[in-house]
Every structure is written in C-alpha cells, then in structure tokens.
Participant: 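My questions all concern the structure below.
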Amino acid sequence: MNTVARIDPRHAAGQRLRERLFRGATLAAAFLVLLLLGGVAVSLLAGAWPALAHFKFAFLTREIWNPVTDQFGALAPIYGTLATSALALLLAIPVSFGIGIFLTELAPVWLKRPVGVAIELLAAVPSIIYGIWGLFVLAPILQRHVQPWLIATLGPLPLVGKLFQGPPFGIGVLTASFVLAIMVIPFIASVMRDVFETVPDVLKESGYGLGATTWEVIWQVVVPYARTGMIGGVMLGLGRALGETMAVTFVIGNAHRIGSSLLAPGTTISASIANEFAEAVGDLYTSSLVALGALLFLITFTVIAAARFMLMRLERQALSSV
Amino acid sequence: MSTFNMKRMLVAAAALAACSGATLGADISGAGATFPYPIYSKWADAYKQQTGIGLNYQSIGSGGGIKQIKAKTVTFGASDMPLKPDELQQAGLVQFPMIIGGVVPVVNVKGVQGGQMVLDGATVAAMYLGEITQWNDPRIKKLNPTLALPATAIAPIYRSDGSGTNFLFSNYLSNSYPKFKDSIGANTSVQWPVGIGAKGNEGVANMTAQTDGAVGYVEYAYAKQNKMAYADLINTAGKKVAPDADSFQAAAASADWRKAPGYYLILTNQSGDKSWPITGASFILLYGTPPDAAATGAALKFFDWAYKNGGKMAADLDYVPLPDALISQVRATWKAQIKGVAAM
C-alpha cells in the first residue's frame, strides 16, 4: 500500500515543468494563428489605404475599372464573387445532400466505400485542372448545346428571361458557377455524409419501428438531427467558392461589367487580382487590387461569422426543445 | 506578354534545370517581364556554359520588375512597357531595348483562312469598341472586296491578364483610331467596353478558335507556332503587310531611336513600306550610377554577349533580334550613361 502512495518529489517537479512547457507551446501555437491573422488584416488595410482614401465609399459602389485613367470601383468583382458563389451553392447543395443521404441510408454496403473514396479524390484535384477542363471541355459543350437551349426556352420568359439572354459565349458567370459547384460538391458531400453517420441508429430504428417510411425517417429524423453539421458543410463549401481563383479566372470571361444575363462575362475579386496584379503599374492601381483583397477578407469573415451565429441559434433551439 | 507555348517552356525548363546544378556567388540577378523570359533563359544557359556565370531571372511581370529595380533588390529590371524619360531620370535608371516581339490579330470567320483577311487599325479598333458588330460590315468589305463575308456577329476576345501584349495592342488601336484613344487608351489592362476576356495567349487562342465570328490578338510567336488564322494589316505607308520576322525588324529599323531619349519608343504604326504596325521591344532597366558596379558590369557583359551571339537563338524561338544599327547605339549609351563600369 505505502509503495503506491509514495511519489518521488523530483519526478513530480519534472512532470510539472513538462506540463508547463507543453501548455506554453500549445498556447504559442494558438497565438501564432491570431498573430498571423492580425498581420494579414493589418497589411491588407495598409496596402488598401491609398485606394480607399482616394475613392472613399465610391470604391464599393462604382462599376468602373479603368487602369488607363486610374478610376477603380469594386462593384463588378463583388457582384461576380457573390453571384457565382451563390449559384454554385444552389447547384451543389441538392447534389451533395443526395450523395450524403445515398451513401449513409440507401447505398448497398459494397458501393459505399468506392463512391466515398471517389468523392474524396475529387476534392484533391488541383483547381487549375478544373479551370483547364472548364475552358477546353465544359465551355464548348455549354456553348454548343446547353446555352442555345437556355436562350431559346428560358430567354423569352418574363422576369427570369433576362438572366438567359445574349450570345452563347460558352464562358461567363453561369459556366464559372458550374465549375465552382463541381469543386465544392466533394467538400459539402463528405461533411454531410459524416454528419448523417452520427445520427444514432436507435433513433432511426425507432422511426422505422413506428411504421415510418425511409422518406419520413430521412426528413423527420436524420435531417433535423444533422442540421447544424449540414450548415457547417455548406459554409465550408461557400468559403471555398468565394476564394477560388484559378478555375474561375479561366471560365468567367474576365470583364469588369455587371451583365444582366448569367451568360454574360463577369469577374470575381480573386480573378481580378490574379489577372492584373503582376503587371499593375502605379500606386493607385496596385492599391485598388489590394483593396479588393481586403474586401474578400471581409466578405469571408462575415460569412464565417454569420454561419457561427446561425449554428449558435440552432444549438440553443435544439437545447430548449429537448 | 506572358507566354505558354510548349517549345519555349521546354527551353526555359531545360535552362532552369541546368542553372540549378551549381549556384555561384557571381550570378547576375534580374526580374521583370514574362514575355522575354524564354529567350533570356536560353541565352543564360548558353552563357553559363561558356563563362560559368549564371543568370537568376524572375519572370514576375513588368510591374514587378520595375518595383524590384527601384527597390534595388536586383541588378536589372525588365519591362515590356518602357518607362517615360522623366521617370527614368527621377529614379536614375538607364533603359535600353533588348529584344523585339509583336502582336498579331487572329480571326475565326467561316471560310476565311490564315492570311486571307486584311484589316487596318481603325477597323479593328471599331470592332473592339462595339461599333462594327458584323463581319459583313461595309468597312470590312471595303478592305476585303474579294472575300465572301458572312453576317456573323463579331465576338471580340481580349487578354484578361495584364500584359505587354495588351499594352502594345491598345497602344496600336489608340494610335490608329482617335475615338479609341479618348474612350479607352493604352495600358497593360484596359477597360474593354465589349467582348470577353481570356487568360493568356492560350486562352485567347482557344476562345477565338471555339467562338464563331471571333476576333482576337496573340503574341507573334504563339500565332506562328500554332498556325492560327491571322489577318494581314495595312500599315501607315498604306501597304499590306504579313506578320513575319522581316516585317517586325523593318518596324524596328525604321524607327528613329536617336530622337527617343531613354529609348522611350513604342514601335506601333512605324513608317516604312514593310513595317508591321503592332511591333514592340522589351526593355532592360539598370542604374546609371550602380550601387554594385561589379554586378552591373557582369550584367552588361551578358547583354553584350547576347547582342553578339544571341540572334540565332532568338530567331529559333520566334523572337526578333534588334537591328545592328540599334545595337551599336545601345552600346554607345552604356559607355556614356552607366558610370563606374569598366567592363565595356
């Protein structure tokens, strides 16, 4: 008995020191992230300052982007960034949801692994590959087969028709959204699959036991249980779509204009920076590009904050309903 | 003028591989334009084999090159867009042309082969302003009385990435059509009122090839090596010229460099019967009073060697070497303006 209780004091001191060191190291690692984030924010703001001070609020509200006369406004890239990301999510969420549900609830066991691995492999394809594929393969198909059909059938409609008018260039906002959707599907789908797998079998079996159909179990048991995680997956995809650069640059048409049609060329914040930064001469021009970067930072930050807020509210609801 | 064609890239890659073997302290350092990068690498490779001195050239773009030389982090900067004489003086820089290239309009019109169509600056500018919208427009017909031109809509394709190609082309359109100058102007990126932007020569080429009725513009070497359907142009002498090494050199030779302080001369719309109207030089920037005279001397030795021995290599990659008279003028400039360098 007394051999167990006796602790060597030197050994204990060493252990305490080790624990303190470890604690310090992890703390430093955590602070490093904050430091980096702060550094990025500060240098972006410093670089953007000349442009922001010169154009003031008009930088956000003007569509003009003219390096010859040094007149810059970010409205077209902001619009392009938000429009392509929103459209991409609109296309990607139903597909990803389908993949997640199929893999967890409906697929035969032998099919689950191959499909699951294939989706993860899709996430590992470099974005430039998507860009080149979009330009050389997808764009001609859209130009020859899909866009003429869209223009002919949806173009004449009132209201939505405006979105599908104009010449079929093959590249433009719609094509960029397609490519983005394909790029974010693996992220959203794999998160959805993982959260659907966390739904306890007991819950599902109780549902079936009460005579519920598969449809009812999915919508009334699985989805409500996994709701927070699903939103997390969507936000992950949105974050990727907002910042994607190379793939979009290849297929969006790179025009600093806001077209009323989805088939028209546009630009995004990251595409503009990638296109123009290397050859930008002049302080105001460079600074305006950095200001675009700062705006993207702000947009992404807002999206993440909004997602956090939504998740918090959902969790509170879930707690109060229990 | 960033480039992406296989032949040049391979040469550049081979040169890089050769350079990475042993790094000497005496390497020449430079940064800037992407357009001349393949030929600078090829020269550097040959030069290293002869002398053991390597070149560390970062092709980060003309804007970056100008910034780097002003920050004195490199021995020389390289730019496709020449700096204005007063800007040179302010920074204490000496500027000279190193290699010549040009831009070629390409078209995709049903039934029209390469070299069959003739255009002029004003007509092309009107296409890029959205004034001429169909290929059977009377202004195009007037230049091509024998071609059967369809009523296809014109789809102008432009380079979306900032580039010397954009600068040359917009400069040419500005010089040829006052309305373009007033509403758009010339720069490495401009605000095109119509059309779609594609990334790099390869993007423009691809979009032009896959869009019926497209008009685009690419670097000369790219158009040549990919056998694209180029258009001939009417130059300022009123003559029809085809894009080839002779017409580029003719433009460079007919330019009056003596009257251009700091070699600030853009070779668009040069006089001379044979001159290709969209020609341009790529420039080198050095300090007149170098912070490191030995390094600048080594760089000048390399440039001198390239002028002497580099012509054939440049032609192999479809660049155009400078005419001889211009080379001797540049050598005189080195003697007169770069101080404390005994090498020359």
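Owing to the predicted nature of the structure, the values given are computational and were not obtained by experimental measurement. The sequence lines fix the lettering, A, B, ..., with proteins before strands; numbering per chain opens at 1.
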Participant: Where on I157(B) is there a heavy atom nearer than 4.5 Å to chain A: the side chain, the backbone, both, or neither?
Facilitator: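 Interface part for I157(B): neither.
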Participant: Measuring heavy-atom distances to chain B, does A280(A) have an atom under 4.5 Å in its side chain, in its backbone, in both, or in neither?
Facilitator: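 The backbone, not the side chain.
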Participant: For chain A, which candidate among S189(B), G63(B), G203(B) shows the most heavy-atom pairs at distances under 4.5 Å?
Facilitator: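 Counting heavy-atom pairs under 4.5 Å, the top option is S189(B).
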Participant: Do L93(B) and Y287(B) touch side chain to side chain, with heavy atoms closer than 4.5 Å?
Facilitator: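 Sidechains of Y287(B) and L93(B): in contact.
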Participant: For D283(A), look at atom CG and say whether over 12 heavy atoms of other residues, nucleotides or ligands are found less than 6.0 Å away.
Facilitator: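 No, the 6.0 Å shell around CG holds no more than 12 heavy atoms from other groups.
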Participant: So, Y285(A) versus E276(A): side-chain donor-acceptor pair below 3.5 Å or not?
Facilitator: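 Side-chain D/A pair, Y285(A) to E276(A): present.
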Participant: Main chain of M246(A), side chain of S127(A): is a donor-acceptor contact present, judged purely on distance under 3.5 Å?
Facilitator: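 No; judged by distance alone, with no hydrogens or angles, the pair does not exist.
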Participant: Answer with side chain, backbone, both or neither: which region of A153(B) has an atom nearer than 4.5 Å to a non-hydrogen atom of chain A?
Facilitator: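 Contact with chain A is absent: no heavy atom of A153(B) under 4.5 Å.
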Participant: Check Y264(B) against P82(B) and note the closest heavy-atom contact, atom names and distance.
Facilitator: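 Answer, listing the atom of Y264(B) first, then P82(B): CE1-O, 3.4 Å.
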Participant: Which atoms of T188(B) are under 4.5 Å from chain A, going by heavy atoms: the side chain, the backbone, both sets, or neither?
Facilitator: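 T188(B) touches chain A through side-chain heavy atoms alone.
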Participant: Give a yes or no on this: more than 12 heavy atoms of other residues, nucleotides or ligands lie within 6.0 Å of atom CD of Q89(B).
Facilitator: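 No - once you tally the heavy atoms of other residues, nucleotides and ligands closer than 6.0 Å, there are 12 at most.
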Participant: With only heavy atoms counted, which part of Y158(B) is less than 4.5 Å from chain A, the side chain, the backbone, both or neither?
Facilitator: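 Side chain only.
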Participant: Would the Y222(B) and F35(B) ring centres measure less than 6.0 Å apart?
Facilitator: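 No, the ring centres sit 6.0 Å or more apart.
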Participant: For chain B, which candidate among S272(A), P265(A), G172(A) shows the most heavy-atom pairs at distances under 4.5 Å?
Facilitator: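 Of S272(A), P265(A), G172(A), P265(A) has the most heavy-atom pairs under 4.5 Å with chain B.
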Participant: Closest approach of A51(A) and S287(A), non-hydrogen atoms and distance?
Facilitator: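 Closest approach of A51(A) to S287(A), heavy atoms only: N-OG, 2.8 Å.
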Participant: Only pairs of heavy atoms separated by less than 4.5 Å count here; which of R144(A), H256(A), Q143(A) has the most with chain B?
Facilitator: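 Ranked by contacts with chain B, first place is Q143(A).
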Participant: Looking just at side-chain N and O atoms, do S261(A) and Q165(A) make a donor-acceptor pair shorter than 3.5 Å?
Facilitator: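 The answer is no; no qualifying pair exists.
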Participant: Measure distances from I64(A) to the heavy atoms of chain B and classify the residue's part below 4.5 Å as side chain, backbone, both or neither.
Facilitator: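 Answer is both: backbone and side chain atoms of I64(A) are under 4.5 Å from chain B.
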Participant: Relative to chain B, which segment of T286(A) carries a heavy atom at a distance below 4.5 Å: side chain, backbone, both, or neither?
Facilitator: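 Looking at T286(A), just its side chain touches chain B.
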Participant: Do you know which of I60(B), N206(B), V194(B), D212(B) has the most heavy-atom pairs under 4.5 Å to chain A?
Facilitator: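 The answer is N206(B).
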Participant: At under 4.5 Å between heavy atoms, what parts of residues 67-74 of chain A are in contact with chain B? List them by residue number.
Facilitator: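 At a heavy-atom separation under 4.5 Å, chain B is reached by P67(A), V68(A).
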Participant: Examine the side chains of N269(B) and N175(B) and answer whether a donor and an acceptor come within less than 3.5 Å of each other.
Facilitator: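 No - no donor-acceptor pair under 3.5 Å links their side chains.
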Participant: Are F169(A) and L263(A) side-chain neighbours, meaning at least one heavy-atom pair lies under 4.5 Å?
Facilitator: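 Heavy-atom side-chain distance check fails, nothing below 4.5 Å.
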